[in-house]
Amino acid sequence: MAPRAGQRGLWSPLPGLLLLAAALSRPAAPCPFQCYCFGSPRLLLRCASGAELRQPPRDVPPDARNLTIVGANLTVLRAAAFAGGDEEATDGVRLPLLTALRLTHNNIEVVEDGAFDGLPSLAALDLSHNPLRALGSRAFRGLPALRSLLLNHALARGSPGMLDALDAALAPLAELRLLGLAGNALSRLPPAALRLPRLEQLDARVNALAGLGPDELRALERDGDLPQPRLLLADNPLSCGCTSRPLLAWLHNATERVPDARRLRCASPRVLLDRPLMDLDEARLGCSDGDAHESGEGIDVAGPELEASYVFFGLVLALIGLIFLMVLYLNRRGIQRWMRNLREACRDQMEGYHYRYEQDADPRRAPAPAAPAGSRATSPGSGL
């Protein structure tokens, strides 16, 4: 059936509009090999795990917002690794919209200076669970928008200078809000991490921290409207001596800033092993030298638990004393009879001693002295 005259003006422009839209629309960029692309306009990429992927893909679409590479074999992140390599590091920005980059479980051992150049919008970077051995002191340069940096379980195998390199690499991250350093066997926290002006949370769990000194605690304080950072410290071998007094005082005054404060436990001295730090009395934490310190001698460990045991022991003694007095009261007649008999027995005994003394003192009952041995020969009645 032929279309009506009134409908010709309605249907005829549709093919032209479709052709115009197809001509003006930008063709979608191809997804990189071994990667999966999801969503639009916020393009998400997830690259398949496998040993074949030894470097970041260079054909990532420029409108990518989220890139995840897990389980690959990257090993080394060279300068401008996500901007096309060294030769293209200064030619412009390859991924201007990328905001999240996850590189966990990739066997990354080296992160060179400027490894993340060309990512001006990057806000979240996750390098957790990589055996990092070397970190460039300028590895995180050119990341003005970085808000979250996770390095959990990534630094334990590092070289002796890893902590100093990390301290230098963190210094320019003025906008960092979240820093994850859990599971890295750190004996101290990098000073730059404590001085980050906008830091909101520092995760330092499962490390080798024996405590925090006064300087470190002062570095965590912020002036003005800057946020006061929260600190996670659980599962660290804390030393509970006089050196832990500043930390204990800080915890009592800012408990809300350490969400896992109740999980903090002592690893030394032996007398306080596995005791909750928050249950100790700051004024009673003492110090001693040598073996005495190791064995806990010289440290007054009386706390709420020990004081409670003293109170309980006193109540038991009071109850025993009350029972004893009650028994005495109920047996008062028998006790009086026993005391009377004892007194009479003592009197009879004393009278016997007195009578015997008087008998011995009477001169008439004194025995005659024995005659000398030679008196029998000279006696007049001897007849000799």
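What's counted below: heavy atoms across the whole structure, side chains too, no hydrogens, waters or symmetry copies. One is the number of the first residue; the rest follow in order along the sequence.
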**Q.** Residue pairs, two or more places apart or on separate chains, that pass ring pair (Phe, Tyr, Trp, His ring centres under 6.0 Å) and touch residues 118-146
**A.**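 Every pair satisfying ring pair (Phe, Tyr, Trp, His ring centres under 6.0 Å) with a residue in residues 118-146: His105-His129, His129-His153.
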Q) To which residues is Leu150 joined in a hydrophobic cluster, defined by side-chain heavy-atom contacts under 4.5 Å among Ile, Leu, Val, Met, Phe, Trp and Tyr, whether direct or through other members? A)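 Its cluster partners, ordered by chain and number, are Leu178.
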Q | Members sharing Val110's hydrophobic cluster (side chains within less than 4.5 Å) | A |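 Besides Val110, the cluster holds Val76.
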Q) If only atom types and distance count, is the side chain of Asp167 paired as donor or acceptor with the main-chain N or O of Leu163 below 3.5 Å? A)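 Looks like no, no N/O pair under 3.5 Å.
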Q) Counting only N and O atoms by type, is there a donor-acceptor contact under 3.5 Å from the side chain of Asn130 to the main-chain atoms of Leu127? A)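 Yes, because the side chain of Asn130 sits within donor-acceptor range (under 3.5 Å) of the backbone of Leu127.
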Just jot down the salt bridge (Lys or Arg N to Asp or Glu O under 4.0 Å) partners of [X], sequence neighbours excluded, or say none.
X	answer
Asp203	Arg205
Arg262	Asp279
Glu282	none
Arg195	none

Do [X] and [Y] meet the criterion of a side-chain donor-acceptor pair at a distance under 3.5 Å?
X	Y	answer
Glu216	Trp250	no
Thr104	Asn106	no
Gln228	Arg222	no
Asn236	Asn207	no

Q: For residues Cys266 and Leu272, report the shortest heavy-atom separation together with the two atoms involved.
A: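 Closest heavy-atom pair between Cys266 and Leu272: CB-O, 3.2 Å.
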(Q) I'd like to check the side chain to side chain donor-acceptor pair (under 3.5 Å) partners of Asp215; sequence neighbours left out, ordered by chain and number. (A)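 Listed in chain order: Arg218.
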Q. Residues in side chain to side chain donor-acceptor pair (under 3.5 Å) with Asp59, at least two apart?
A.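 With neighbours one apart ignored, the set is empty.
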Q: Please list all pairs passing the salt bridge (charged side-chain N to carboxylate O under 4.0 Å, His left out) test where one or both residues lie in residues 232-254, with sequence neighbours left out.
A: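 Applying salt bridge (charged side-chain N to carboxylate O under 4.0 Å, His left out) to every pair that reaches into residues 232-254, excluding sequence neighbours, yields Asp235-Arg263.
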Q: Quick one: which residue pairs count as a salt bridge (charged side-chain N to carboxylate O under 4.0 Å, His left out) with a foot in residues 138-155, not counting sequence neighbours?
A: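 Qualifying pairs, neighbours excluded: Asp117-Arg141.
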Q: Would you mind reporting whether Ser268 and Pro237 have side-chain heavy atoms less than 4.5 Å apart?
A: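 Counting from C-beta outward, Pro237 and Ser268 never come under 4.5 Å.
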Q | Heavy-atom side-chain contact between Leu202 and Arg230 under 4.5 Å | A |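 They are not in contact (no side-chain heavy atoms under 4.5 Å apart), so the answer is no.
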Q: Might you confirm whether atom CZ of Arg332 has over 12 heavy atoms from other residues, nucleotides or ligands at distances under 6.0 Å?
A: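 Yes, the 6.0 Å shell around CZ holds more than 12 heavy atoms from other groups.
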Q. His252: what forms a ring pair (Phe, Tyr, Trp, His ring centres under 6.0 Å) with it, not counting sequence neighbours?
A.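 Expected list: none.
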